[in-house]
Amino acid sequence: MRILIVRNNSNSKAVDASLLLATYLATQGADYTLVDSSDLSCRGDHEGLNAALADGVEMAVVLGGDGTILRTARQIGTSGVPILGVNFGRLGFLANTSDEGVVAVVAAALAGDVVAEQRTNLRIDVVCEGERDRWGDDGDLMLDGPDEGGRPDGAPSASGFPCGSDARTFFALNELAVTRGAHGRIIDFGLSISGAHIADMRGDGLVVATATGSTAYALSAGGPLVSPGFAGLVAVPLAPHTLHSRAIVTASNDVVEMDLSHNADTREATLFVDGELLEFERPVRRVYVRRGDTPTVLLRYQREGFYEHAARVFF
């Protein structure tokens with residue numbers, strides 16, 4: 001069995017746990033690849049991770065907090081490799097507790113004594129100024145895109161989608177956040193869902209989250225708590241300049257569209273995917289967000305229920 005170990009190398013407890021886990025796996029005759037979370041930037045080459053995935057990783061063990069799991073999920077992307085998180089961070093909504101030690105948690109996973117949760121993720125398609133909008137300009141929303149595999153220009157990366165300065169399709173487990181840029185000026189945008197125009201807005205931006213991400217930025221912006229098993233999306237305007245704005249919970253097959261084509265250049269918009277900045281050489285014109293085709297699999301060990309956890313953390 002081949003296992004990928006991702007550790008938060010800025011957390012001394014996670015580093016110690018990774019050394020203990022490596023020793024344990026060696027005694028069990030399991031192969032492993034160790035990767036530091038700092039190497040999982042969207043702009044990195046990920047040679048070690050790509051090689052491990054190509055060799056057929058059967059499970060990823062993540063030693064850190066929810067942020068480390070999000071970075072790992074982005075790199076694993078649509079491969080379907082299950083993720084076993086062991087919490088060395090704060091909230092730990094996505095990770096398992098480390099109270100019993102990392103070896104006990106991993107041993108339970110190797111024995112099959114865990115529950116696999118299917119988590120909805122996001123596919124995000126971005127169209128910049130001067131580019132043809134294959135989804136909007138031709139009249140129909142082409143969910144599968146122009147190329148094989150449903151991806152616009154660019155070859156897939158380890159995450160299943162292209163990742164880099166020329167990439168236009170991105171993966172997220174938590175959310176996409178479109179916010180005002182360095183100038184600090186509010187932005188103008190239109191919000192539509194599956195071709196139905198909802199409103200033209202002016203404000204700080206928009207968060208589109210999965211059920212998993214409903215406890216993150218979307219929650220802080222006034223969105224609802226959503227059970228992790230829900231397959232739809234949550235669209236939450238950020239500080240809109242209106243008295244008539246509400247979060248919208250969509251169906252599983254809906255597409256959320258954000259139109260920035262009428263936003264002035266001086267009101268630049270900035271995009272973040274699971275907290276990481278996306279950089280483009282031209283202003284963003286439109287953004288399309290829908291449910292990803294392949295869910296992310298999280299392994300849960302002696303899990304606390306979602307509502308119990310939410311009650312303890314938030315109430």
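Since the structure is predicted, the reported quantities are computational estimates derived from the model, not experimental observations.
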Quiz item: Would a distance-only check, ignoring hydrogens and angles, find a side-chain to backbone donor-acceptor pair under 3.5 Å from Thr250 to Leu233?
Solution: yes

Self-check item: Side-chain donor or acceptor of Ser98 paired with backbone N/O of Asn87 under 3.5 Å
Solution: yes

Quiz item: When rounded to the nearest 0.5 angstrom, what is the spacing between CD in Glu117 and CZ in Phe306?
Solution: 10.5 Å

Quiz item: How are the rings of Phe93 and Phe314 set relative to one another: parallel (under 30°), tilted (30 to 60°) or perpendicular (over 60°)?
Solution: parallel

Practice problem: Compare all side-chain heavy atoms of Ile5 with those of Leu25 and state whether any distance is below 4.5 angstrom. | Solution: yes

Quiz item: How about Asp254 and Ser194: does a side-chain donor come under 3.5 Å of a side-chain acceptor?
Solution: yes

Self-check item: Nearest heavy-atom neighbours spanning Val57 and Ala60
Solution: CG1-N, 4.5 Å

Practice problem: Give the minimum heavy-atom separation between Ala109 and Val114, together with the two atoms involved. | Solution: CA-CG1, 3.7 Å

Quiz item: Are Val6 and Val61 close enough that some pair of their side-chain heavy atoms sits under 4.5 Å apart?
Solution: no

Quiz prompt | Test side chain to side chain contact (heavy atoms under 4.5 Å, CB included) applied to Leu176 and Val126, Val273, Leu206, the passing residue | solution = Val273

Exercise. Indicate yes or no: at least one non-hydrogen side-chain atom of Leu260 is less than 4.5 angstrom from one of Met258.
Key: yes

Quiz item: Between the main-chain N or O of Phe189 and the side-chain N or O of Asn263, is there a donor-acceptor pair closer than 3.5 Å?
Solution: no

Practice problem: Hey, could you give me the CD1/CZ distance between Ile186 and Arg267, rounded to the nearest 0.5 Å? | Solution: 5.5 Å

Exercise. Just jot down the side chain to side chain donor-acceptor pair (under 3.5 Å) partners of Thr242, sequence neighbours excluded, or say none.
Key: none

Practice problem: State yes or no: do Val289 and Ile193 share one hydrophobic cluster built from I, L, V, M, F, W and Y residues joined by side-chain heavy-atom distances below 4.5 Å, directly or via other members? | Solution: yes

Quiz prompt | ILVMFWY clustering at 4.5 Å (side-chain atoms), partners of Val207 | solution = Tyr217, Leu238

Exercise. Not counting sequence neighbours, which residues clear side chain to side chain contact (heavy atoms under 4.5 Å, CB included) with Ala239? List them please.
Key: Asp204

Self-check item: Backbone of Leu70 reached by a side-chain donor or acceptor of Asp66 within 3.5 Å
Solution: no

Quiz item: Can you name the closest pair of heavy atoms from Ala216 and Asn174 and give their distance?
Solution: CB-ND2, 3.6 Å

Quiz item: Below 4.5 Å, heavy atoms only, C-beta onward: do Arg2 and Asp31 meet side chain to side chain?
Solution: yes

Practice problem: Find out if a path of hydrophobic residues (ILVMFWY) with successive side-chain heavy-atom gaps under 4.5 Å connects Ile3 to Ile83. | Solution: no

Quiz item: Distance from Ser245 atom OG to Ile198 atom CD1, nearest 0.5 Å?
Solution: 11.0 Å

Quiz prompt | Evaluation steps, side-chain contact (heavy atoms from CB on, under 4.5 Å), between Leu84 and Val105 | solution = CA-CA 9 Å; Leu84 177 70; Val105 179; 4.0 Å; yes

Quiz item: With hydrophobic residues grouped by side-chain heavy-atom distances under 4.5 Å, do Leu219 and Phe230 end up in a single group?
Solution: no

Quiz prompt | Rounded distance (nearest 0.5 Å) linking atom CG of Leu271 with atom CZ of Phe280 | solution = 5.5 Å

Self-check item: Test: Glu257 and Arg286 ion pair at under 4.0 Å
Solution: yes

Exercise. For the residue pair Gln28 and Met1, establish whether any side-chain heavy-atom pair is separated by less than 4.5 Å.
Key: no

Exercise. Only one of Asp16, Val35, Leu19 passes side chain to side chain contact (heavy atoms under 4.5 Å, CB included) with Arg7; say which it is.
Key: Leu19

Quiz item: Would you call Arg74-Asp274 a salt bridge at under 4.0 Å N-O?
Solution: no

Quiz item: Can you tell me how far the CG atom of Leu4 sits from the CD atom of Gln75, to the nearest 0.5 Å?
Solution: 10.5 Å

Quiz item: Between Asn11 and Phe88, is there a donor-acceptor pair closer than 3.5 Å when you use the side chain of the first and the backbone of the second?
Solution: yes

Self-check item: Basic-acidic side-chain contact under 4.0 Å: Arg168, Glu131
Solution: yes

Quiz item: Quick one: do Leu110 and Leu20 end up in the same hydrophobic cluster if we chain Ile, Leu, Val, Met, Phe, Trp and Tyr together by side-chain heavy atoms under 4.5 Å apart?
Solution: yes

Exercise. Can you sort out the partners of Glu175 under salt bridge (Lys or Arg N to Asp or Glu O under 4.0 Å), two or more places apart, ordered by chain and number?
Key: none

Self-check item: Nearest heavy-atom neighbours spanning Ile187 and Ala269
Solution: CD1-CB, 4.2 Å

Self-check item: Trace of the side-chain contact (heavy atoms from CB on, under 4.5 Å) decision for Arg285 with Cys128
Solution: CA-CA 5 Å; Arg285 180 184 175 194; Cys128 290; 5.8 Å; no

Quiz item: Do Leu191 and Val287 belong to the same hydrophobic cluster, where Ile, Leu, Val, Met, Phe, Trp and Tyr are linked whenever their side-chain heavy atoms lie under 4.5 Å apart, directly or via other members?
Solution: yes

Quiz item: How about Ser38 and Asp36: does a side-chain donor come under 3.5 Å of a side-chain acceptor?
Solution: no

Quiz prompt | Arg185 with Glu268: basic N within carboxylate O range, under 4.0 Å | solution = no

Quiz item: Got a donor-acceptor contact below 3.5 angstrom from the Asp125 side chain to the Thr169 backbone?
Solution: no

Exercise. Using a 4.5 Å cut-off on heavy atoms from C-beta on, say whether the side chain of Met59 contacts that of Leu299.
Key: yes

Quiz item: Can you name the side chain to side chain contact (heavy atoms under 4.5 Å, CB included) partners of Pro295, sequence neighbours left out?
Solution: Gln118

Quiz item: Quick one: does Val234's side chain get under 4.5 Å of Ile248's, heavy atoms only?
Solution: no

Exercise. State whether the side chain of Asn121 and the backbone N or O of Thr294 hold a donor-acceptor pair below 3.5 Å, judged by distance alone.
Key: yes

Practice problem: Walk me through it: do Ser227 and Tyr307 pass the test side-chain contact (heavy atoms from CB on, under 4.5 Å)? | Solution: CA-CA 8 Å; Ser227 174; Tyr307 299 109; 3.5 Å; yes

Quiz prompt | Heavy atoms of other groups near His262 NE2, more than 12 under 6.0 Å | solution = no

Practice problem: Looking only at non-hydrogen atoms, find the nearest pair between His197 and Gly190 and report the distance. | Solution: CE1-CA, 4.4 Å

Self-check item: Residue pair Leu277 / Thr270, side-chain heavy-atom distance below 4.5 Å
Solution: yes

Exercise. Measure from the side-chain N and O atoms of Arg119 to the backbone N and O of Thr210, and report whether any donor-acceptor pair falls under 3.5 Å.
Key: no

Exercise. Report the C-alpha distance between Thr179 and Phe272 in whole Å, list the side-chain angles of each, state the deciding distance to 0.1 Å, and finish with yes or no for side-chain contact (heavy atoms from CB on, under 4.5 Å).
Key: CA-CA 8 Å; Thr179 70; Phe272 295 89; 3.7 Å; yes

Quiz item: To which residues is Val115 joined in a hydrophobic cluster, defined by side-chain heavy-atom contacts under 4.5 Å among Ile, Leu, Val, Met, Phe, Trp and Tyr, whether direct or through other members?
Solution: none

Quiz item: Roughly how far apart are Leu63 CG and Asn9 CG, rounded to 0.5 Å?
Solution: 11.5 Å

Quiz item: Closest heavy-atom contact between Leu94 and Leu173?
Solution: CD1-CD2, 4.3 Å

